Amino acid sequence: MRIALRIWRQKNTEAPGAMREYEMDGVSPDMSFLEMLDTLNERLTLEGEDPVAFDHDCREGICGACSLVIDGQAHGPERTTACQLHMRSFRDGDTIDVEPWRAAAFPVVRDLVVDRSAFDRIIQSGGYVSVPTGAAPEAHATPVPKPDADRAFEHAECIGCGACVAACPNGSAMLFTSAKVNHLGALPQGAPERETRVLDMVAQMDAEGFGGCTLTGECATACPKGIPLTSITAMNREWLRANRKVARK
């Protein structure tokens, strides 16, 4: 395959960025998108140019590190992570635009790498459960109804990649935050912090500068793990309930 790449290049957060064009020849359809970028970087290194910086880790669709907007879509044209997107999803002669996540809360660090530590701070604000110290508790000590366990697992699939934010026209982090809130809120172990968790995590999300949610649904469409849009409405109900409980106090 012969393809043309237009890649966002930016030296650091303060420097201006611009799209740079690169021609690629001999691209195998069986290459993953990241392997194709590896091939480009090998060539750039041999030519004495700076390689393109991009995030990656497991390359198995598990960790959520890869974060690319490919032809205007988070992770590209397939509903998967960028590391699991293969070049057979494109045609010979295509021109492909590659950009970083675009959100005020995700500043560009270099080229295609953005700072997603805002997600970490949201989790730190309330994404935990209180457990007694000592030995690990027996797994069956606290029975969990099957529907609650299924709901918790459904939301626990979120890998924090940020595709929901990149796809949202408002740059909202509601799908990510709701997945974390609903994951722990569905389990009896998460009950002690249920009210404070949703209030604290939503407050931290707002403090990070993410946009407001208008339920356009682009976040759920882009999510590689299929977190449903109903996750947001469930968190909204939790937030209202917690607010009313605080008001009564």
Side-chain angles (χ1 to χ4, degrees), residues 1-10 17-47 49-103 106 108-114 116 119 153-154 156-169 171 175-176 179 216-229:
M1 292 174 64
R2 183 181 182 87
I3 60 171
L5 294 171
R6 293 191 299 199
I7 300 178
W8 183 262
R9 302 302 306 266
Q10 185 171 339
M19 300 294 276
R20 288 272 307 276
E21 295 189 13
Y22 303 95
E23 295 287 336
M24 294 284 292
D25 204 357
V27 175
S28 168
D30 296 326
M31 282 183 175
S32 73
F33 200 86
L34 299 193
E35 288 172 335
M36 181 274 297
L37 290 179
D38 288 337
T39 302
L40 171 63
N41 280 344
E42 288 177 7
R43 191 187 85 193
L44 293 178
T45 300
L46 291 173
E47 292 173 354
E49 295 187 43
D50 288 337
V52 178
F54 62 93
D55 274 328
H56 62 95
D57 192 4
C58 75
R59 299 203 178 198
E60 295 178 348
I62 297 171
C63 70
C66 52
S67 52
L68 304 175
V69 174
I70 302 168
D71 281 343
Q73 296 175 276
H75 291 310
E78 306 289 340
R79 191 174 183 177
T80 185
T81 52
C83 64
Q84 295 299 298
L85 177 69
H86 290 82
M87 296 310 296
R88 55 180 169 267
S89 298
F90 304 92
R91 294 175 298 181
D92 185 37
D94 274 356
T95 297
I96 305 172
D97 290 340
V98 189
E99 303 169 84
W101 287 165
R102 295 296 190 187
F106 289 161
V108 175
V109 176
R110 183 182 178 91
D111 295 340
L112 305 174
V113 178
V114 299
R116 285 175 286 180
F119 273 6
F153 274 120
E154 177 185 42
E157 287 192 76
C158 171
I159 54 177
C161 65
C164 52
V165 177
C168 176
L175 192 68
F176 166 80
T216 62
E218 295 296 327
C219 55
T221 301
C223 177
K225 297 301 178 181
I227 305 299
L229 194 63

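Because the structure is predicted, anything quoted here is derived from the model rather than measured.
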Side-chain touch Met87/Asp30, heavy atoms, less than 4.5 angstrom: no
Heavy-atom side-chain proximity of Ile3 to Thr95 below 4.5 angstrom: no
Close side-chain approach of Met24 to Arg43, heavy-atom, < 4.5 Å: yes
Any donor-acceptor N/O pair, Trp101 side chain to Cys161 backbone, under 3.5 Å: yes
Interatomic spacing from CD1 in Ile159 to NZ in Lys225 - rounded to 0.5 Å: 5.0 Å
Side-chain touch Phe90/Met36, heavy atoms, less than 4.5 angstrom: no
Distance in Å, Phe33 CZ paired with Leu5 CG, rounded so as to fall on 0.5 Å steps: 6.0 Å
Min side-chain heavy-atom separation Gln84-Pro224 under 4.5 Å: no
Shortest non-hydrogen contact from Val69 toward Ala166: CG2-CB, 4.4 Å
Sidechain-backbone polar pair: His86 side chain, Met31 backbone, donor-acceptor under 3.5 Å: no
Considering all heavy atoms, the nearest Ala222-Ala74 contact: CB-CB, 4.3 Å
Salt bridge Arg6-Asp97, side-chain N to carboxylate O under 4.0 Å: yes
Short N-O contact, Glu49 and Arg20, less than 4.0 angstrom: yes
Spacing of CD1 belonging to Ile96 relative to CZ belonging to Arg91, to within rounding of 0.5 Å: 11.0 Å
Exercise: identify the closest heavy-atom pair between Cys63 and Asp57: SG-CB, 3.6 Å
Asp55 side chain to Ser67 backbone, donor-acceptor under 3.5 Å: no
Exam field: side chain Ser89 to backbone Leu85, donor-acceptor pair closer than 3.5 Å: no
Verdict with reasoning, Asp92 to Arg2, per salt bridge (Lys or Arg N to Asp or Glu O under 4.0 Å): CA-CA 5 Å; Asp92 185 37; Arg2 183 181 182 87; over 6 Å; no
Ala65 backbone acceptor or donor facing Arg116 side chain under 3.5 Å: yes
Arg79 side-chain N/O to Cys223 backbone N/O, donor-acceptor pair under 3.5 Å: yes
Glu47 side chain vs Leu44 backbone, donor-acceptor pair below 3.5 Å: no
Non-hydrogen atoms of Glu218 and Pro169 that approach each other most closely: CG-CD, 4.2 Å
Interatomic distance, Tyr22 atom OH to Ile7 atom CD1 [nearest 0.5 angstrom]: 6.0 Å
Side chain proximity check, Phe54 to Val98, heavy atoms < 4.5 angstrom: no
Phe119/Phe106 under ring-ring contact (aromatic ring centres under 6.0 Å, His included): CA gap, chis, key distance, verdict: CA-CA 9 Å; Phe119 273 6; Phe106 289 161; 5.3 Å; yes
Beyond-backbone contact of Cys83 with Cys66, side-chain heavy atoms, under 4.5 angstrom: yes
Heavy-atom pair of closest approach, residues Ile227 and Cys158: CD1-N, 3.8 Å
From Leu112 atom CG to Glu99 atom CD, the distance as rounded to the nearest 0.5 Å: 9.0 Å
Asp50 with Arg9: basic N within carboxylate O range, under 4.0 Å: no
Close side-chain approach of Leu229 to Cys219, heavy-atom, < 4.5 Å: yes
Shortest non-hydrogen contact from Pro100 toward Val108: CG-CG2, 3.9 Å
From Leu68 atom CG to His56 atom NE2, the distance as rounded to the nearest 0.5 Å: 10.5 Å
